[in-house]
2 protein chains.
Amino acid sequence: MELNNYISVDCVIFGFDGERLKVLLVDRTLSEGSTSFTDLTLTGNHVYENEPLDAAADRVLFELTGLTNIYLEQFKTFAHPDRLTKENDIKWLQHDGRDPFQRIVSVGYFALLATDQVTLEWKGRNVQWVPVDEVGELAFDHNLILESALLSLRNKIIHEPIGFELLPQKFTLSQVQKVYEIILDTEFDKRNFRKKVARMKYLIPLDEKQKGVAHKPAQLYMFSRDVYGNTKKDLLNFIV
Amino acid sequence: MELNNYISVDCVIFGFDGERLKVLLVDRTLSEGSTSFTDLTLTGNHVYENEPLDAAADRVLFELTGLTNIYLEQFKTFAHPDRLTKENDIKWLQHDGRDPFQRIVSVGYFALLATDQVTLEWKGRNVQWVPVDEVGELAFDHNLILESALLSLRNKIIHEPIGFELLPQKFTLSQVQKVYEIILDTEFDKRNFRKKVARMKYLIPLDEKQKGVAHKPAQLYMFSRDVYGNTKKDLLNFIV
DNA sequence: GCAAAAGTGTTCGGAGTACACCCATGT
DNA sequence: ACATGGGTGTACTCCGAACACTTTTGC
């Protein structure tokens, strides 16, 4: 299997740890002669010649997490002629034996998962969760891609119930509220939020409560993608 | 300026003529020796080496319509390894001097405009409006791209006021209603629809009425993108 | 017993939905 | 005068927003 050297996928992998929204980044270290630097990149890779884009994104995600069936969505494609022309990027590509002046199309995907269950090594490189509001300057045009992914995520989470993808299988209503508050950078009234959530038939209360917490244990819920698929309705709702 | 031979943009140009939703298609005729066929393609083109994707899409649109400032949105990228392997597609590419086994990434854009004001010729090829529900088998993977564009359009028009982009600058409320009914394949009650629309401050009534119609002339309105930008709010609204 | 988060009800205003008739114009 | 689409109001229900106190657990 041969890699296509001008098509790549970049995965913006979002994770929620109960407190903050984070993104999975990979160290990029080059030290060769007089040049030496370390910075961070999004996770991504070139696609194989006979590989569809979605499959390539799935593959990257699987290599990093060992997980399949992760929420993954293509959100935008980046191919600006100057997207790889920062000094360090050119050195990195040359060191890697690639032509830095070859134009590379990068198809952006974002993924949602809970921050547990993730391998913190990838192809010998160090992998880390970084809170999205503490991300510094990234390699290539990855700041742009991350910003764009965040926008798409915010836009989508308003209209579709994908917030649950960032939580463990069993979760509490307070956790749901926190996910929405953090992603949308706002606060909701607890009672109103719970009334809203109570109307969602795809949020299923379990016969189970939190354990070992130093306060009244919360009811646990799960999200049913099936029930959502069967009950959703979308109609005219264009915003005033 | 040199064309990049593996990156292209395809524009799904939607038009509304007051009655139906249409898409702009281009004839593709090949007659060479024993093979000869005519079919239709979406409008698209390769990008220039130093040209950003959005600029390429704008350029295609400008060449076809002579218009700038058209609503244009990147919606999805297509790069399946088999996307150009139908028999006619291979012949067409070979005739055009291109390598049919080169993998080509196509970045999909959709555009919205009213069906007047369009040049019906493009690079010597015939251009035509076809109602979206009467589109037959298209070249390449263009049926897939069209379906995907329609999905994106439906999805977007529910949440954002882009229906007006399909109407002339001055329009009536009945025309607005028709656009939404046709794209969403539903019907709305006239009084309720108008009450809803009355709340949208970005729909501005003009001091002008229809003329020359054989019924009570309708009030004309215009859409103000500025007012929309200033008054829109998006909050938690995930659908039950 | 105290700290910490869970859980719960009411009121008000505004939006969604269902529904039927008169009006202004061209021919 | 008639055909055509334009334009309007009411009643009911449901949702969104504002707002404060009690409960259960671990320590």
Side-chain angles (χ1 to χ4, degrees), chain A residues 17-20 158-159 161 167-168 170-182 184 186-201 203-222 231-240, chain B residues 16-20 158-159 161 167-168 170-182 184 186-222 231-240:
Chain A
D17 63 1
E19 288 298 321
R20 310 182 72 174
I158 291 173
H159 306 298
L167 292 170
K170 300 173 183 181
F171 50 80
T172 70
L173 296 187
S174 296
Q175 289 174 312
V176 177
Q177 184 171 348
K178 200 148 194 176
V179 165
Y180 280 84
E181 287 180 341
I182 284 176
L184 298 175
T186 183
E187 290 185 13
F188 297 108
D189 176 83
K190 206 200 319 184
R191 281 169 290 188
N192 293 338
F193 189 89
R194 291 164 107 92
K195 260 185 293 180
K196 170 133 198 154
V197 153
R199 266 177 260 127
M200 303 175 177
K201 305 216 174 70
L203 269 197
I204 301 172
L206 301 172
D207 281 333
E208 205 172 337
K209 287 184 188 292
Q210 270 184 320
K211 276 177 199 151
V213 287
H215 54 77
K216 180 171 175 177
Q219 166 85 245
L220 291 174
Y221 289 76
M222 61 169 286
T231 59
K232 76 171 160 180
K233 43 182 169 182
D234 23 359
L235 265 184
L236 184 62
N237 199 22
F238 44 109
I239 302 163
V240 184
Chain B
F16 183 70
D17 63 1
E19 289 297 322
R20 310 182 73 173
I158 290 174
H159 307 298
L167 292 169
K170 300 172 182 182
F171 49 81
T172 70
L173 296 187
S174 297
Q175 290 175 311
V176 177
Q177 185 171 347
K178 200 149 196 175
V179 165
Y180 280 84
E181 287 180 340
I182 285 177
L184 298 176
T186 182
E187 289 186 12
F188 297 108
D189 176 82
K190 206 200 319 185
R191 279 169 291 188
N192 294 339
F193 189 89
R194 291 164 108 92
K195 258 186 296 180
K196 170 132 200 155
V197 153
R199 266 176 261 123
M200 302 176 178
K201 306 218 174 69
Y202 50 81
L203 268 197
I204 300 172
L206 302 171
D207 283 332
E208 204 172 336
K209 288 183 188 290
Q210 271 184 320
K211 277 177 199 152
V213 288
H215 54 77
K216 180 172 175 178
Q219 166 85 244
L220 292 173
Y221 289 77
M222 61 169 286
T231 60
K232 74 171 161 179
K233 44 182 168 181
D234 22 359
L235 266 184
L236 184 63
N237 199 22
F238 43 110
I239 301 162
V240 185

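Letters A, B, ... are given to chains in the order of the sequence lines, protein chains preceding strands, and every chain is numbered from 1. Worth knowing before you read on, the calculation uses all heavy atoms, side chains too, and leaves out hydrogens, waters and symmetry mates. In this text, all values refer to a predicted model and were calculated from it rather than measured experimentally.
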Think B:Arg194 has a side-chain N or O under 4.0 angstrom from the OP1 or OP2 of C:dT17?
no
With a cut-off of less than 4.0 Å, is there a side-chain N or O of B:Ser174 near OP1 or OP2 of D:dG6?
yes
Whole angstroms only, please: what is the CZ-C1' distance between A:Phe188 and D:dA17?
12 Å
CZ of B:Phe193 versus P of C:dT17: gap in Å, rounded?
12 Å
By nearest atom, which of the nucleotides D:dG6, C:dA6, D:dT25 is closest to the A:Lys190 side chain?
C:dA6
So B:Glu187 and B:Gln177, do their side chains get closer than 4.5 Å, heavy atoms only?
no
Are any of A:Lys196's side-chain N or O atoms less than 4.0 Å away from OP1 or OP2 of D:dG16?
yes
Look at the side chain of B:Gln175 and the backbone N and O of B:Gly18, then say whether any donor-acceptor pair between them is shorter than 3.5 Å.
no
For the residue pair A:Tyr221 and A:Val197, establish whether any side-chain heavy-atom pair is separated by less than 4.5 Å.
no
As a quick check of understanding, evaluate side chain to side chain contact (heavy atoms under 4.5 Å, CB included) for A:Phe193 and A:Val176, giving each step before the final call.
CA-CA 10 Å; A:Phe193 189 89; A:Val176 177; 3.8 Å; yes
Nearest heavy atom decides the nucleotide; on that basis, is B:Asn192 or A:His215 closer to the 5' end of DNA chain C?
A:His215
Identify, between A:Ala214 and B:Tyr221, the residue whose nearest nucleotide on DNA chain D lies closer to the 5' end.
B:Tyr221
Working to the nearest 0.5 angstrom, can you tell me the gap between B:Arg194 CZ and B:Asp189 CG?
10.5 Å
For the pair made of CZ in B:Arg199 and P in C:dG13, what is the distance, rounded to whole Å?
17 Å
To the nearest angstrom, the CD-C1' distance between B:Glu187 and C:dT17 comes to 15 Å
Taken to the nearest whole Å, CG/B:Asp189 to P/D:dA11 is 17 Å
Donor-acceptor pair (no angle test) under 3.5 Å: B:Lys195 side chain, C:dG16 base:
no
Does A:Gln219 or B:Lys209 map to a spot on DNA chain C nearer the 5' end, using the closest nucleotide for each?
A:Gln219
Provide, to the nearest angstrom, the distance between the NZ atom belonging to B:Lys178 and the P atom belonging to D:dG6.
9 Å
To the nearest Å, how far apart are B:Tyr180 OH and C:dG16 P?
14 Å
Given atom NZ of B:Lys216 and atom P of C:dT25, what is their separation to the nearest angstrom?
8 Å
